[in-house]
Amino acid sequence: MPTPTLPDGDVVTLPRARSHSPLARAWWRDAVIYQVYVRSFRDTDGDGVGDLAGVREQLHHVRQLGADGVWLNPFYVSPQHDHGYDIADHCAVDPVYGDLAEFDRLVTDCRLLGLKLVLDVVPNHCSSEHPWFRKALANGPGSPERARFHFADGRGEAGELPPNNWRAMFGGPAWSRVTEADGRPGQWYLHLFTPEQPDFNWRNPDVAAHFEEVLRFWLDRGVDGFRIDVAAGLFKHPELPDSADPDVDERTRDSVNPLAWNQPEVHGIWRRWRAICEEYTARDGHQRLLVGEASVPTPAEQALYVRPDELHQAFFFHLLHAPWDLAHFHRVIDDAVRDIAATGSTVTWVLNNHDQVRTVSRFAGEDPASGPARAAAAALLMLALPGAAYIYQGEELGLPEVLDLPDGLITDPIFRRTGSRTGIRDGCRIPLPWSGTEAPYGFSPHGSPTAPWLPQPASFAAHTAERQRSDAGSVYHLYRTALQLRRELPQLGEGTLRWLETPPGVLAFVRGEGLVCAVNFGDTPAPAPVAGPPLLSSGPCGEGVLPPATAAWWIGPTAAERI
Ligand code: GLC
């Protein structure tokens, strides 16, 4: 195969050759996947919303960065109440993003560039405009169509109270009441997110059968795997009893109700989905990936989701929620490596995604100026850990969270449902800055009639991909070099991790034979664990000293080993 040349003349290094033998190490075990939030990636038709053609156009950016593949957030037919996580047709592309022909071209492009393609699948709920839900509304209580969802009569004299006291993730009660065909208030239906996202009843066999068809539809089109939304959801306690949590009414966003999440039956579904993936692998030797968004309280519980016959990976969210704190990082890394390794899988690290405040702002604490250095240090730490990693678009450009969007521009249903800005997600979903010095920074074509769906701040001028590519000291080049080293150095990716004794404020470990990673979480310079210049550092770093809020990689014996 000829070496592809990218648009700006940069020659691509093809991925490490990986054998199709079942005995070979599976590609996903230490893959780095780049998350594309399609809506905010690149808009080719000037409507202010990203599209699949835009993903194709900028795929070379992902390839040049050195990622192994892309995960696309949902682009299916949707009324967009939760930006695509409310799906009305799981097997069609929403016209705002393109069509199936464009999707097929994207599959081809990914193949040509050696990138894996991972799609989002959303099995816990659908859109209230999904044909099944419309039929359920039309056909009334007791109908087989209602049995595909959780419909129940209300409590109180006239059924005016919800069937139980559960709260929704995005605020308010987890139940909404419908108006029946005769115009009177009728049954209630369960939605763990917004009322526009009714939960499927996974105890109904139609639901499992439908999703098997959905998986096969996309596998047959050539995708390499799926990111599973809310993978600890799907099944609810069969009797839908009240939560006994005394704080249940106080909590506006209930993500911990043990009656609504993490039910044992869900593992049977993941075993079935894994078997479907294995069926495809048996045909062509190529492994398909299932990566779950399984938000469960502990790494030990998460380990259950990645047992050898279940999901290949589950996002390890404990770093996504970690403060800039050495003890916290140390503990969650230790727990993850121990618990997940015991399953035979690898840890799937993630620092940013489309639901969380970006690390540049999250790690800044009281001092916004400290954010960029800490975020870069955390990235270098993550990329040195054993296992796989996910990078969220814009992370490689050092984008901050946009925290000052006016109320009137906020689109996140969390804001609408809770009336609070806490946890809203628009700020990490601002359209990417590609080039130029003013909005839309190459996100939409020059002179587009419609502005980007969320406004880009003036500060994005310093973060454009164009500018970062030409600056050897940029965050982009840090990520790019780190990913290149991950491909080249056998110590990185899968393998062992051994903690080092360190001075206060420093976290350090050795990977395999002699790759040392150290991070200075403190506010003062610390002695470096290895003599000589680092191989790579997240900020200026000379010999022998590790500056504050800096991470570095070295090859060589540690100071302790030299003695
Ligand atoms: C997941 C997605 C989030 C979405 C929610 C409901 O948590 O990451 O963006 O709003 O599920 O589908």
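Counting starts at 1 for both ligands and their atoms, in listed order.
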Select one of side chain, backbone, both or neither to describe which atoms of [X] lie under 4.0 Å from any atom of ligand 1, heavy atoms only.
X: Val230; answer: side chain
X: His81; answer: neither
X: His354; answer: side chain

Element-labelled atoms of ligand 1 that are located less than 4.0 Å from some non-hydrogen atom of [X]:
X: Arg425; value: 3 (C), 4 (C), 9 (O), 10 (O)
X: Phe170; value: 10 (O)
X: Phe193; value: 5 (C), 6 (C)
X: Asp82; value: 4 (C), 5 (C), 6 (C), 10 (O), 12 (O)
X: Arg429; value: 9 (O)

Give the residue and atom name of whichever protein heavy atom lies nearest to [atom], and the separation in Å to one decimal.
atom: atom 1 (C) of ligand 1; result: Asp229 OD1, 2.7 Å
atom: atom 8 (O) of ligand 1; result: Asp355 OD2, 2.4 Å
atom: atom 7 (O) of ligand 1; result: Glu293 OE2, 2.7 Å

Phe170 ring centre to Arg417 NZ or CZ under 6.0 Å, with the angle to the axis within 45°?
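Here Arg417 fails the 6.0 Å and 45° test against Phe170.
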Compute both the distance and the angle, then confirm whether Lys116 meets the cation-pi test with Trp27: under 6.0 Å from the six-membered ring centre, within 45 degrees of the axis.
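Yes, a cation-pi geometry holds between Lys116 and Trp27.
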Salt bridge or not for Arg63 and Asp68, using N-O below 4.0 Å?
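Between Asp68 and Arg63 there is no salt bridge, as every charged N stays at least 4.0 Å from the carboxylate O atoms.
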Does a salt bridge link Arg227 with Asp120, judged by any charged N lying under 4.0 Å from a carboxylate O?
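Counted as a salt bridge, because a side-chain N and a carboxylate O are separated by less than 4.0 Å.
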Ignoring hydrogens and geometry, is there a side-chain-to-backbone donor-acceptor pair from Trp71 to Val291 under 3.5 Å?
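No: the side chain of Trp71 does not pair with the backbone of Val291.
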Is there a side-chain contact between Tyr390 and Thr348 in this structure, where contact means two heavy atoms from C-beta onward sitting under 4.5 Å apart?
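Yes, side chains in contact.
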Pairwise side-chain contact, Trp132 with Cys126, heavy-atom cut-off 4.5 Å (strictly under):
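Counting from C-beta outward, Trp132 and Cys126 never come under 4.5 Å.
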Which residue is it: Arg288, Arg29, Gln287? I am looking for the one with a side-chain contact (heavy atoms from CB on, under 4.5 Å) to His312.
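The passing option is Gln287.
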Would Gln356 count as a contact residue for ligand 1, given that I'm defining contact as a non-hydrogen atom of the residue lying under 4.0 Å from a ligand atom?
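The answer is no: ligand 1 sits nowhere under 4.0 Å from a heavy atom of Gln356.
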Just to check, does His125 reach to within less than 4.0 Å of ligand 1 when the distance is taken from its heavy atoms?
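Contact present.
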By the definition ring pair (Phe, Tyr, Trp, His ring centres under 6.0 Å), identify the one residue from Tyr85, Phe193, Phe200, Tyr189 that meets it with His125.
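Passing option: Phe193.
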